[in-house]
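Read through the structure below, which is laid out as structure tokens, and then see the notes.
Chain identifiers are assigned alphabetically (A, B, ...) following the order of the sequence lines, protein sequences preceding nucleic acid strands; residue numbering begins at 1 within each chain.
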There are 6 protein chains.
Amino acid sequence: MNNELATLSWPAVEKRISQKTIIIPVGSTEQHGPNGLIGTDHLIAGALAKALGDETGILVAPTMAYGMSHHHLAFPGTASLRPETLIMMTTDIISSFARNGFSRFFFVNGHGGNVSSMSAAFSQILTDSPNLRIQLASWWLLPEVTAREKEVFGSENGFHATCGEVAVTWYLFPQAQTPIAPGVAPDPKTEWPVGPERFRMLYPDGRMGSNPALSTGEIGAELFAIAKAALVTKLSDFLKMDQSGV
Amino acid sequence: MNNELATLSWPAVEKRISQKTIIIPVGSTEQHGPNGLIGTDHLIAGALAKALGDETGILVAPTMAYGMSHHHLAFPGTASLRPETLIMMTTDIISSFARNGFSRFFFVNGHGGNVSSMSAAFSQILTDSPNLRIQLASWWLLPEVTAREKEVFGSENGFHATCGEVAVTWYLFPQAQTPIAPGVAPDPKTEWPVGPERFRMLYPDGRMGSNPALSTGEIGAELFAIAKAALVTKLSDFLKMDQSGV
Amino acid sequence: MNNELATLSWPAVEKRISQKTIIIPVGSTEQHGPNGLIGTDHLIAGALAKALGDETGILVAPTMAYGMSHHHLAFPGTASLRPETLIMMTTDIISSFARNGFSRFFFVNGHGGNVSSMSAAFSQILTDSPNLRIQLASWWLLPEVTAREKEVFGSENGFHATCGEVAVTWYLFPQAQTPIAPGVAPDPKTEWPVGPERFRMLYPDGRMGSNPALSTGEIGAELFAIAKAALVTKLSDFLKMDQSGV
Amino acid sequence: MNNELATLSWPAVEKRISQKTIIIPVGSTEQHGPNGLIGTDHLIAGALAKALGDETGILVAPTMAYGMSHHHLAFPGTASLRPETLIMMTTDIISSFARNGFSRFFFVNGHGGNVSSMSAAFSQILTDSPNLRIQLASWWLLPEVTAREKEVFGSENGFHATCGEVAVTWYLFPQAQTPIAPGVAPDPKTEWPVGPERFRMLYPDGRMGSNPALSTGEIGAELFAIAKAALVTKLSDFLKMDQSGV
Amino acid sequence: MNNELATLSWPAVEKRISQKTIIIPVGSTEQHGPNGLIGTDHLIAGALAKALGDETGILVAPTMAYGMSHHHLAFPGTASLRPETLIMMTTDIISSFARNGFSRFFFVNGHGGNVSSMSAAFSQILTDSPNLRIQLASWWLLPEVTAREKEVFGSENGFHATCGEVAVTWYLFPQAQTPIAPGVAPDPKTEWPVGPERFRMLYPDGRMGSNPALSTGEIGAELFAIAKAALVTKLSDFLKMDQSGV
Amino acid sequence: MNNELATLSWPAVEKRISQKTIIIPVGSTEQHGPNGLIGTDHLIAGALAKALGDETGILVAPTMAYGMSHHHLAFPGTASLRPETLIMMTTDIISSFARNGFSRFFFVNGHGGNVSSMSAAFSQILTDSPNLRIQLASWWLLPEVTAREKEVFGSENGFHATCGEVAVTWYLFPQAQTPIAPGVAPDPKTEWPVGPERFRMLYPDGRMGSNPALSTGEIGAELFAIAKAALVTKLSDFLKMDQSGV
């Protein structure tokens with residue numbers, strides 16, 4: 001069964017509107033180190049959302065490919081939404097789908113920088129529309145994922161352009177692999193938050209403490225499977241939530 | 001050569017920053033009649049942008065998959081941005097890429113409803129940043145495309161969920177084809193603009209005057225090729241524009 | 001009978017509130033070439049709205065004299081609203097009149113640059129208030145007007161500071177006539193959209209491809225009468241629209 | 001000499017740009033009692049601005065005909081901008097004219113409800129653009145005007161739809177005169193601010209403590225002349241202000 | 001009895017929710033001349049609100065310590081909200097308390113610069129929520145206060161960093177007293193409004209026409225008592241207002 | 001030495017402007033369980049900021065007493081800013097102080113709900129003003145504090161209206177202590193985020209998994225001292241940050 005909203009017609013969606021639930025992948029368009037892909041966050045979120053939809057039969061909306069990525073703006077190819085733009089975009093998408101029949105929104109998130117604006121948006125949306133249910137699932141923060149990453153990469157996983165996310169992209173886009181010299185990127189950690197130019201000064205090749213030379217498609221495939229299984233559980237719990245009353 | 005920003009690393013983008021130019025596909029997530037795909041507009045824009053990038057060697061940014069689609073909101077699966085959201089999103093993406101090295105923005109547009117907000121955004125952006133160059137190319141309005149559509153479909157092409165756009169999606173996604181009984185959808189044309197519920201009352205199955213039973217993958221392939229060729233010419237003209245001075 | 005809202009008292013308006021309809025002229029304050037009037041767009045819109053009101057007995061609201069005119073900002077005397085300002089202003093005026101009894105809004109528009117923001121505003125307003133009816137009538141795009149302009153001026157009518165609009169102002173404000181040497185202004189047409197300074201570089205005297213030396217008060221009077229008659233028909237059709245249900 | 005921006009061409013404005021100064025009338029579209037005109041505020045502001053321009057040779061911009069009139073919204077024919085809309089509109093108009101050569105802005109105001117939002121806007125604008133000079137002159141608050149109104153009308157002048165403003169409109173629009181039974185409108189004064197419906201409950205015919213039966217075109221003409229003379233002095237003082245440095 | 005919201009628990013507030021009324025102090029963080037306190041406006045508003053709450057048994061919300069103070073921004077230690085920020089903040093606080101049970105809002109204001117934005121906000125709020133009641137009481141404008149200030153300080157009270165407000169802070173914060181040489185500050189009064197740097201040029205030490213050498217804690221205590229008594233009366237009148245119907 | 005901005009004059013601030021640094025306390029006005037204080041978050045942040053200023057000689061700005069508290073809005077006495085309001089307020093305060101001489105901003109935060117909007121604001125501010133330095137220190141997340149809370153309260157500390165924060169308020173406001181029956185509040189943890197009414201349904205007395213019967217002024221005093229010492233270290237590290245270049 002096809003679960004992608006984009007390649008369905010509206011009558012096909014209407015037949016499944018009693019599910020009330022929609023999965024929405026969200027990521028970013030930002031540098032991911034010397035060999036990581038600029039689309040890493042939205043490509044992984046999109047692929048996981050698709051896998052989650054196929055496993056559960058829940059509809060998957062088109063990916064929100066742009067997120068909040070200010071501190072990466074000094075690297076060519078990065079684009080960032082302002083906080084208010086991401087808040088408004090999130091609000092519009094939820095209220096649109098709510099108008100035509102959905103009430104449970106499960107976001108599969110690929111980017112840490114989105115969490116602040118999207119959480120802020122959710123607080124407001126639930127205040128204005130108490131009958132909705134919303135959940136933000138950031139795949140790399142799922143305990144099952146972080147546990148396995150720790151076993152495989154230890155402290156060399158890093159904090160941006162991590163071994164884990166690079167590995168998943170090698171699994172998804174094997175043709176995009178680029179070799180990189182081994183070595184852990186600097187991670188001064190003395191300052192946060194920082195602006196775009198200062199970020200590039202502190203983290204010259206864009207990575208934060210990671211060693212993506214350790215990334216392989218094989219471990220990427222494994223991490224993807226772990227994340228997918230954990231998301232299936234999380235979505236299943238979400239669907240059990242009481243939706244009567246407020 | 002890979003021209004998709006999403007699957008490139010930032011050093012790969014930096015090597016090509018002297019091109020100064022980026023192609024950005026933009027579409028919508030809205031109903032397209034009884035058998036048209038909800039993602040029609042962004043799927044076609046994305047595919048044409050990719051083809052255009054591959055033909056010209058110009059970089060292609062991730063697709064803006066959500067647009068302004070208010071009057072379709074009564075159909076399940078449609079999501080619409082408010083005008084100010086689309087204006088802000090367009091502004092953020094342009095100013096971000098401008099900050100890290102791009103100055104020419106060529107939008108491949110798949111959705112008529114985006115034109116008003118994006119044109120408004122461009123006016124403001126060029127007033128604030130006079131050194132930028134921006135162009136919005138709506139594929140279905142290219143004279144070469146409309147001429148061929150007229151030959152093939154005549155007046156049955158319609159105005160929404162047209163034979164032409166449905167045909168292109170059958171070419172791009174042959175597995176998504178759904179048969180439909182022949183017949184031209186109503187097109188009262190007595191009122192415009194209209195709100196979501198009224199739109200559905202006037203256009204009950206979502207089409208406006210079209211007969212997508214005429215659509216085939218073959219004619220879709222032909223229209224796609226015509227559009228691609230016309231876009232190559234249009235982009236080529238755009239690149240010849242003077243960018244010295246203001 | 002006086003049909004101008006501005007010179008009526010509220011009890012006089014209340015007596016006619018069952019008409020439900022209000023005409024709102026909207027224009028711009030922007031350069032119109034070497035001898036065209038800065039107020040061309042709002043002066044014509046205001047005059048046509050008044051004539052339309054007098055012909056039909058429908059109330060006419062005060063003119064929105066400022067519009068979206070970014071690319072003319074390098075010429076002294078031009079003022080432009082930002083897109084969000086025009087959207088908000090349009091929304092406020094409609095929702096105000098809707099609160100005190102009107103539900104049908106017929107805008108007589110004198111300026112092409114307003115169309116994008118106002119159309120965007122209408123989409124949002126009708127989504128939020130489905131019971132309203134709105135129409136934007138741009139006088140120079142009425143088929144009857146363009147047909148006659150083509151006969152009289154041919155291709156020398158141009159695209160900004162056109163022979164037609166200059167002629168109408170000579171009719172309305174004979175004392176404001178200024179002679180101009182014959183000749184068609186340049187119209188490179190190679191770029192669009194453009195910013196303010198670049199517009200002035202490409203179109204040094206502010207006209208786009210027009211030859212206003214052809215304009216006379218006589219043809220202006222004729223065009224005005226044609227536009228008025230076409231607007232009467234258009235408004236009449238608008239009033240016949242079903243306003244029951246959504 | 002013609003001093004109205006609307007009926008001048010841009011070259012005519014450019015010749016006078018060294019004056020640096022522009023007069024901008026601003027009013028409202030709101031009920032003014034049982035026989036006062038809905039356009040009272042913007043019609044008087046526009047007429048005074050024109051007279052001021054003609055006396056001083058300073059250019060006069062088109063009238064901002066809509067202002068902030070929330071508490072009158074329960075009376076048919078009133079339209080109100082939101083505070084942020086009026087702030088944005090004021091900001092846009094000033095920054096536009098500043099971009100093409102003006103630096104001194106003299107607003108002739110006809111409506112008390114505009115003062116809060118416009119003053120707020122000016123604070124922000126002068127913080128962002130310290131080289132500009134701005135003044136808001138509310139005609140009915142000019143000491144010369146209030147003194148004469150007190151002599152003629154005493155306490156029956158009232159606070160909204162005052163004898164004075166009604167008189168000026170009878171002078172400007174003699175054909176719009178409507179008789180009214182003598183008597184002072186109620187003015188409970190126990191509450192402020194109030195919302196639209198409550199305002200109409202407290203002030204059933206829209207007046208606040210005024211007796212417009214006392215208004216005549218003759219006294220209107222006198223008040224108009226007094227206001228004009230006072231504005232000429234005020235503008236003259238404004239032009240003497242130091243504009244060197246910040 | 002404790003009347004400060006900040007040091008109460010929600011069950012304690014719930015017991016008193018039938019009062020429906022809340023006092024909200026609002027001030028600024030801005031320079032107040034060579035020896036006046038930067039917090040003058042919010043410290044006095046907070047102290048008066050507390051005294052008013054203790055006298056009447058009405059709850060007092062936390063102080064809004066930041067206001068609109070643009071023209072003081074060239075003096076170290078001043079912070080200013082933009083008009084839209086203050087409007088939004090006022091709106092949020094009122095609508096929040098309205099959601100959990102309050103309907104009468106009595107603001108004790110210590111800063112003239114807040115009046116424009118807050119009045120604008122109130123107009124909008126009452127239009128959207130007609131059942132609420134709102135009052136803004138600016139302590140230094142209470143007739144009882146101005147009368148006594150005139151007796152004591154005459155024209156040397158000035159217009160910013162007045163003798164009166166400095167005196168009240170000496171009463172409230174005796175340890176913060178700093179001697180100042182006698183003398184009246186300049187008050188050219190030739191220009192208004194002005195931007196930050198120009199304000200500092202015209203009013204070099206931050207005062208406007210005042211002589212705070214006249215301020216003492218004793219007169220401050222007296223003024224505070226006068227203001228408190230006048231506020232008690234004003235609040236009492238406010239509570240008598242009809243709140244039935246709209 | 002007095003380090004509170006509110007009780008200093010601007011010349012006193014100017015003498016210390018070479019420090020470049022300002023401490024800004026930020027909290028909330030929201031329910032904190034059956035006996036916790038509504039002002040808990042801003043009262044603690046304000047007290048810690050004052051102690052930090054006194055220990056380090058760095059200036060302390062007035063407290064931002066209102067924060068983002070949407071899910072508590074169903075409890076009387078809670079007020080919440082919208083995300084965009086808190087973002088704008090944070091931006092205005094930082095840019096104001098930056099205009100008159102500060103460049104390092106150290107926020108002492110008392111409320112978890114503020115983190116998302118304030119972090120979003122900081123990202124944007126540092127993108128627009130790369131020379132600034134900003135840090136957000138949430139006192140209850142300092143490792144030294146959480147370690148001691150774990151020792152004393154174990155799992156009964158909870159997640160809202162925690163034993164730790166209640167204890168600190170008992171230390172700061174001994175007169176506000178209210179006894180409470182021992183017992184751990186429910187913490188279903190099955191849903192997040194939730195709207196206001198649903199929050200109250202899930203957490204009927206406002207606590208989340210805490211047992212504030214364990215709170216005493218003594219342990220509050222100890223936690224306050226621990227937090228203060230940790231903040232001194234954190235601020236000291238912040239001041240060592242390189243501020244040359246971007």
[options]: which one forms the most heavy-atom pairs within less than 4.5 Å of chain E?
{"options": "T40(F), D205(F), T91(F), L59(F)", "result": "D205(F)"}
{"options": "V13(F), T85(F), L86(F), L81(F)", "result": "T85(F)"}
{"options": "G36(F), A65(F), S95(F)", "result": "G36(F)"}
{"options": "P196(F), G39(F), S96(F)", "result": "S96(F)"}
{"options": "H70(F), Q175(F), Q31(F)", "result": "Q31(F)"}
{"options": "A74(F), P62(F), S69(F)", "result": "P62(F)"}

Can you tell me which portion of [X] sits under 4.5 Å from chain F's heavy atoms? Options are side chain, backbone, both or neither.
{"X": "A61(E)", "result": "both"}
{"X": "I180(E)", "result": "neither"}
{"X": "F97(E)", "result": "both"}

Select, from I38(E), T63(E), T78(E), the one with the greatest count of heavy-atom pairs under 4.5 Å involving chain F. I38(E)
Does any non-hydrogen side-chain atom of [Y] lie less than 4.5 Å from one of [X]?
{"X": "L8(F)", "Y": "L37(E)", "value": "no"}
{"X": "E197(F)", "Y": "R99(E)", "value": "yes"}
{"X": "T29(F)", "Y": "I93(E)", "value": "no"}

Heavy-atom nearest pair, N100(E) first then F75(F), reads ND2-O, 3.3 Å
Least distance between heavy atoms, P34(E) atom then W10(F) atom: N-NE1, 4.1 Å
Heavy-atom distance under 4.5 Å to chain E: side chain of [X], backbone, both or neither?
{"X": "H72(F)", "answer": "neither"}
{"X": "L172(F)", "answer": "neither"}
{"X": "E4(F)", "answer": "neither"}

Give the C-alpha distance, both sets of side-chain angles, the deciding distance and a yes or no for side-chain contact (heavy atoms from CB on, under 4.5 Å) between L43(E) and T7(F). CA-CA 9 Å; L43(E) 294 170; T7(F) 50; 3.9 Å; yes
Distance-only donor-acceptor check, side chains N35(E) and S9(F), under 3.5 Å: no
What's the separation between atom CZ in R82(F) and atom CE in M88(E), rounded to the nearest 0.5 Å? 4.0 Å
Any pair with a residue in residues 8-19 of chain E that passes salt bridge (charged side-chain N to carboxylate O under 4.0 Å, His left out), sequence neighbours left out, goes on the list, sorted by first then second residue, please. E14(E)-R200(F)
